[in-house]
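Below: one structure, written as structure tokens.
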Amino acid sequence: MKAPASGQEHLKILLRRGAIQRRVREMARQISRDFHGQRVHLIGVLKGASIFLSDLIRHMRVEVSLDFMAVSSYGKGSQSSGQVRLTKDLDTSIEGLNVILVEDILDTGLTLNYLVRVLQQRKPKTLRIAALLDKPERRIKEVKADYVGFQIPNEFVVGYGLDYAERYRNLRDVCILSLPPE
Ligand code: IMP
């Protein structure tokens, strides 16, 4: 069952849990084919990508290691400040590794554009991007994602790791969140 929305907030399912699970499995298989016989170093962008990453990794059939980064993004509301700041750096070097940056959603592209620039300076062997969701209409900075789960319309979504003011990350479906007028 879906968690109830609080106050006048309203949730409408956009992507059902079954469809998400199937697509994540396909993405993991694609990555495993592309990196057959090699090791892959997954970097999850906290906190939103944590659920996607933990499902993705369990379907991967290559040697995998993990690290995490955190950036400041939306803060408490649904509007981006446009500023990206690293709040947690990696634990180990990525030099010479096949790195896949795992993100929940590609929206304006500001976050991933910034992270790609930071990571490229650290000389990985390869650097790819896996994003569960992509809102192409919102793009400000160009970013090429190598693995995309779903392209979605320009709506604010929550669930499967995505939050609104730290809430709704635990929903198993991805839902469109409508907020009461301010
Ligand atoms: P970007 O830098 O605009 O591409 O945004 C990336 C980050 O913004 C994501 O990692 C999310 O944390 C957040 N974000 C963007 N769109 C949504 C949304 O629809 N729901 C929840 N968070 C979002």
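Counting starts at 1 for both ligands and their atoms, in listed order. Since the structure is predicted, the reported quantities are computational estimates derived from the model, not experimental observations.
- Distances shorter than 4.0 angstrom occur between a heavy atom of Ile105 and an atom of ligand 1.
- Residue contact check for ligand 1: Arg138 places no non-hydrogen atom closer than 4.0 Å to it.
- Contacts with ligand 1 closer than 4.0 Å are made by no heavy atom of Val84, backbone or side chain.
- Ligand 1 is approached by Gly109 to a heavy-atom distance shorter than 4.0 Å.
- Checked by atom type, the side-chain pair Glu9/Tyr168 shows a donor-acceptor distance below 3.5 Å.
- Below 4.0 Å from some heavy atom of Asp104 lie the following atoms of ligand 1, by number and element: 9 (C), 10 (O), 11 (C), 12 (O).
- Close contacts between ligand 1 and Asp163 involve ligand atoms 21 (C) [criterion: under 4.0 Å to a heavy atom].
- Ala28 approaches Leu56 most closely through the heavy-atom pair CB-O, 3.6 Å.
- Looking at every heavy atom in both residues, Leu15 comes nearest to Ile20 through O-CD1, 3.6 Å.
- Polar contact with ligand 1: present for Val157 (N/O pair, distance under 3.5 Å).
- Of all heavy-atom pairs spanning His41 and Asp67, the tightest one is NE2-CB, 3.8 Å.
- Here the side chains of Leu86 and Leu115 are in contact, with some heavy-atom distance below 4.5 Å.
- For ligand 1, the atoms lying closer than 4.0 Å to a non-hydrogen atom of Lys135 are 16 (N), 17 (C), 18 (C), 19 (O).
- Heavy atoms from other residues, nucleotides or ligands lying under 6.0 Å from CD of Gln30 number more than 12.
- The ligand atoms of ligand 1 that sit less than 4.0 angstrom from a heavy atom of Thr111 are 1 (P), 2 (O), 5 (O), 6 (C).
- Residue Arg17 is tested with Asp173, Val174, Leu171 for a side-chain contact (heavy atoms from CB on, under 4.5 Å); the sole match is Asp173.
- Close approach of ligand 1 to Leu162 is summarised as follows: ligand atoms under 4.0 Å from at least one heavy atom of the residue are 20 (N), 21 (C), 22 (N).
- Near Glu155, meaning under 4.0 Å from any of its heavy atoms, are these atoms of ligand 1: 19 (O).
- For the pair Ile100 and Ile31, the tightest heavy-atom approach, listed with the atom from each and the gap, is CD1-CG2, 3.5 Å.
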